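Treat the numbers as computed from the prediction; the structure is a model and nothing was measured.
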Amino acid sequence: MLRRAVRLPLILAASAVLAVGVTVVAMWAAGATAQRVPGIDDAGPLTSWGLPLSRTVVDITSVATVGALLLAGVLLPGGRDLGRSRMRYLTWAALAAGLWALSSAALLVFTLSDLFARPVAEVLDPAMVADFALASAQGRAYAVMAAAGLVMATLCPGVTTVRWARVALVLAVAAVLPPAFTGHSAASTNHDAAVTSLALHVAGVAVWVGGLVFVLVAALRRAEGAAVAARRFSPLAGGAFLAVAASGLVNALVRVPLSSVWFSSAHGRMVLVKSAALLLLGGIGWWHRRRTLGALNDGTRRPFVRLAIGELSVMAAAMGLAVALSRTPAPGAGSGSPSPAEELLGFPMPPPLGDFPWTPLFTQWHFDPVFAFGTGAAAALYLVGVFRLRARGDRWPVGRTIAWMLGLAVTVLATMSGLAVYGKVMFSVHMGQHMILAMTVPILLVLGAPATLALRTLPTAGKGETAGLREALLWLLHSRYVKVISHPAVAGILFIGSAFAVYSTSWFETLMGSHLGHTAMLIHFLAIGLLFFWVIIGVDPGPRRPPHLGRLFVLMLTMPFHSWFSISVMSSTGIIGARWWEAVGRTWGPSLAEDQYNGGAIAWATGDIPVLITTIILAAQWVRSDRREARRVDRQIDRGDSGDPLAAYNAYLASLHARDRRLQQAATPTGRGDSPAEDPTP
């Protein structure tokens with residue numbers, strides 16, 4: 001027992017030392033620790049070394065926090081209450097979060113010292129630090145991390161249920177993202193793809209590395225349920241590996257677009273070394289799944305532990321390289337001066353639409369990692385579910401699969417084709433993009449019935465086990481929140497009201513000014529459309545399924561307000577988002593007023609076709625529902641099922657007739673309902 005208690009801290013400490021050592025060596029090899037040049041201000045050696053080392057500590061403590069919460073709230077089996085064994089890992093999470101908060105605060109100070117080229121002692125002024133934390137993007141990012149770490153360090157020891165452990169896990173994963181929106185990626189030309197891919201990369205690394213660390217901890221401590229935790233972590237690690245690999249590739253291509261400089265620059269060589277480490281980790285994960293997990297289930301933990309320690313060492317080295325990369329500018333960084341439009345858009349101003357305005361909308365493409373990875377994952381998961389159903393002999397309608405895939409394809413077209421490129425410089429194209437995402441894509445996606453497919457394929461948690469994805473989905477579908485927003489009146493108000501709220505206020509201008517804001521706006525339009533059309537023609541189960549006549553009434557009542565919105569845009573005398581369009585500086589095409597009028601006309605014209613299609617689909621569903629109900633009633637009548645309303649009504653009429661006959665017989669002199677001269681034989 002003593003040997004095991006000593007070995008665990010040594011393994012974790014050695015991994016941390018390895019990460020720090022790789023950071024130092026990589027920075028020295030890349031020249032990121034250049035000597036001071038006379039005549040040029042320098043922050044001093046404390047900042048030169050303290051900045052990357054504090055960032056390494058931030059990375060280590062953040063993934064430790066995520067890993068401890070992941071193990072306690074998701075991976076280890078158990079009921080809704082954590083119990084003493086799982087609550088112990090909440091204590092670990094609290095300690096790691098406290099160190100995360102302290103190292104984030106140190107990173108904030110070192111970054112301030114580096115930016116102003118002044119020693120740490122000269123910038124430790126509370127007013128200066130507070131101004132940097134509020135006014136600078138980097139300062140805000142590190143301040144958010146420090147605050148989140150402090151909150152988790154304070155609250156985690158008091159968490160006793162799985163639900164709150166998962167809430168803390170979501171907070172921890174969200175807290176690792178802010179630094180991704182600053183630094184080299186945010187300053188690159190294609191900053192939207194660089195920032196988004198880096199954020200996905202950081203989140204994937206936190207889940208992957210943190211989960212591995214604490215699954216290893218559970219195995220070394222011979223914790224009850226360690227084999228189950230490792231088995232649950234395996235598919236999660238596979239998904240994280242794919243996310244890290246795809247996002248890392250995108251980020252590398254955005255920042256170092258020319259493959260020739262990957263070998264001739266320190267930055268490129270470090271990217272190649274990180275790629276090799278990632279491939280090695282993928283091979284180790286495959287070996288885990290093939291060999292060591294089975295042995296761990298059988299009670300033999302040594303192969304898993306040995307391979308996991310090697311995997312953790314490679315991960316620590318890769319994290320050290322990542323820190324060194326953050327201090328090493330990419331080749332060509334700062335060599336050019338992008339135009340104002342390029343700085344705002346993240347790509348050069350597109351060419352004029354010309355005589356054939358629809359052609360560039362299909363030839364000008366711009367990669368968006370959020371929608372690319374999102375639609376790719378949605379397609380892959382859906383197909384996996386369909387294949388699982390067919391493998392066990394169950395059927396799944398082909399039409400649903402076609403509708404889902406077609407909806408994802410239209411989403412890609414709306415978010416990465418010329419519609420997305422010109423949608424940032426022309427209001428009319430943006431409005432067409434809005435209409436496609438809010439009124440065309442949702443019709444296709446809700447007909448795909450993804451929730452029904454998930455409920456039929458996801459495993460059911462056993463009695464006394466922690467609720468899994470299937471239970472979480474059922475809880476969400478029947479939650480009070482979904483019950484409120486899925487009310488037809490609420491869904492209709494959100495569908496129309498959100499459009500007025502975005503375009504009639506300053507929100508549109510604010511959201512267009514940020515890539516994240518613009519992406520959030522598009523996701524919002526898609527989500528609101530999915531909610532509305534799920535209520536009208538949705539196949540998936542929900543807490544409230546109004547009758548078909550009621551759905552038709554809601555659809556017919558909502559559409560006039562859509563026309564009102566379109567007319568208000570066409571007749572508006574002010575320019576919606578005027579400062580954004582003026583800052584972009586488009587010099588070709590229609591004027592801002594003409595373009596806005598065209599946008600309102602597009603919204604008005606494109607609203608009728610989806611309504612017609614939805615009405616036809618709703619009518620077809622109504623007819624099929626009536627036919628199914630008629631067949632069900634016929635079957636119950638044939639079986640003599642008294643629970644059927646029609647059969648019960650017929651039995652009630654028969655009982656009334658029998659009662660009247662008995663009363664009539666009792667009222668006659670002979671005790672029968674006929675005269676004495678009549679034949680009593682029935």
Any side-chain hydrogen bond (donor to acceptor under 3.5 Å, both in side chains) pairs touching residues 555-575, not counting sequence neighbours?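 Non-adjacent pairs meeting side-chain hydrogen bond (donor to acceptor under 3.5 Å, both in side chains): zero.
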
Once the angle between the rings of Phe241 and Trp208 is folded into 0 to 90°, is it parallel (under 30°), tilted (30 to 60°) or perpendicular (over 60°)?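 Taking Trp208 first and then Phe241, their aromatic rings stand perpendicular (interplane angle over 60°).
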
Can you name the ring pair (Phe, Tyr, Trp, His ring centres under 6.0 Å) partners of His434, sequence neighbours left out?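 Applying ring pair (Phe, Tyr, Trp, His ring centres under 6.0 Å) to His434 gives Tyr503, Phe525.
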
Heavy atoms, side chains only, cut-off 4.5 Å: are [X] and [Y] in contact?
X: Tyr422; Y: Arg586; result: no
X: Val446; Y: Leu530; result: yes
X: Thr606; Y: Met439; result: no
X: Pro590; Y: Met426; result: yes
X: Gln364; Y: Pro351; result: yes
X: Phe367; Y: Pro369; result: yes

Rounded to the nearest 0.5 Å, what's the gap from [atom1] on [X] to [atom2] on [Y]? Could you check?
X: Leu592; Y: Ile575; atom1: CG; atom2: CD1; value: 5.5 Å
X: Phe427; Y: Met512; atom1: CZ; atom2: CE; value: 9.5 Å
X: Leu526; Y: Thr440; atom1: CG; atom2: OG1; value: 11.0 Å
X: Leu474; Y: Leu455; atom1: CG; atom2: CG; value: 5.0 Å
X: Leu171; Y: Leu69; atom1: CG; atom2: CG; value: 9.0 Å
X: Thr519; Y: Asp368; atom1: OG1; atom2: CG; value: 5.0 Å

Donor-acceptor under 3.5 Å ([X] side chain, [Y] main chain):
X: Asp540; Y: Ala451; result: yes
X: Asp595; Y: Ser591; result: no
X: Gln433; Y: Ala414; result: yes

Within a radius of less than 6.0 Å around [atom1] of [X], do more than 12 heavy atoms belonging to other residues, nucleotides or ligands occur?
X: Trp534; atom1: CH2; result: yes
X: Phe500; atom1: CZ; result: yes
X: Ile609; atom1: CD1; result: no
X: Phe561; atom1: CZ; result: no

Assess whether side-chain contact (heavy atoms from CB on, under 4.5 Å) is satisfied between Leu445 and Leu408, documenting all intermediate values. CA-CA 8 Å; Leu445 294 183; Leu408 295 179; 4.1 Å; yes

Please list all pairs meeting salt bridge (Lys or Arg N to Asp or Glu O under 4.0 Å) that have one or both residues in residues 491-505, counting only residues at least two apart or in different chains.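 Pairs touching residues 491-505 that pass the test: none.
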
Asp394: salt bridge (charged side-chain N to carboxylate O under 4.0 Å, His left out) partners, not counting sequence neighbours: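 Partners of Asp394 under the salt bridge (charged side-chain N to carboxylate O under 4.0 Å, His left out) test: Arg392.
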
Might you work through the side-chain contact (heavy atoms from CB on, under 4.5 Å) test for Tyr382 and Arg400, ending with a clear yes or no? CA-CA 10 Å; Tyr382 193 94; Arg400 292 183 180 180; 3.7 Å; yes

Leu494 and Phe532: side-chain contact (heavy atoms from CB on, under 4.5 Å), yes or no, with the steps? CA-CA 8 Å; Leu494 290 175; Phe532 179 75; over 6 Å; no

Between Trp164 and Arg166, is there a cation-pi geometry (under 6.0 Å to ring centre, at most 45° from the normal)?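 Negative - Arg166 is either too far from the ring of Trp164 or too far off its axis.
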
Atom pairs and distances, donor-acceptor, side-chain atoms in residues 577-584, under 3.5 Å, two or more places apart:
| from | atom 1 | to | atom 2 | distance (Å) |
| --- | --- | --- | --- | --- |
| Arg579 | NE | Glu509 | OE1 | 2.8 |
| Arg579 | NH2 | Glu509 | OE1 | 2.8 |
| Trp580 | NE1 | Lys424 | O | 3.1 |
| Trp581 | NE1 | Ile576 | O | 2.8 |
| Trp581 | NE1 | Gly577 | O | 3.4 |

Taking all non-hydrogen atoms of both residues, which atom of Met152 and which atom of Ala172 are closest, and how far apart?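 Looks like SD-CB, 3.6 Å.
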
Indicate the atoms forming the closest heavy-atom contact of Ala165 with Gly73, along with that distance.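 The answer is CB-CA, 4.0 Å.
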
Passes side-chain contact (heavy atoms from CB on, under 4.5 Å), Arg388 versus Arg456? Steps please. CA-CA 10 Å; Arg388 284 186 177 181; Arg456 292 182 61 183; over 6 Å; no

Please set out all donor-acceptor pairs under 3.5 angstrom arising from side-chain atoms of residues 477-484, sequence neighbours excluded.
| from | atom 1 | to | atom 2 | distance (Å) |
| --- | --- | --- | --- | --- |
| Ser479 | OG | Leu476 | O | 2.8 |
| Ser479 | OG | Val482 | N | 3.4 |

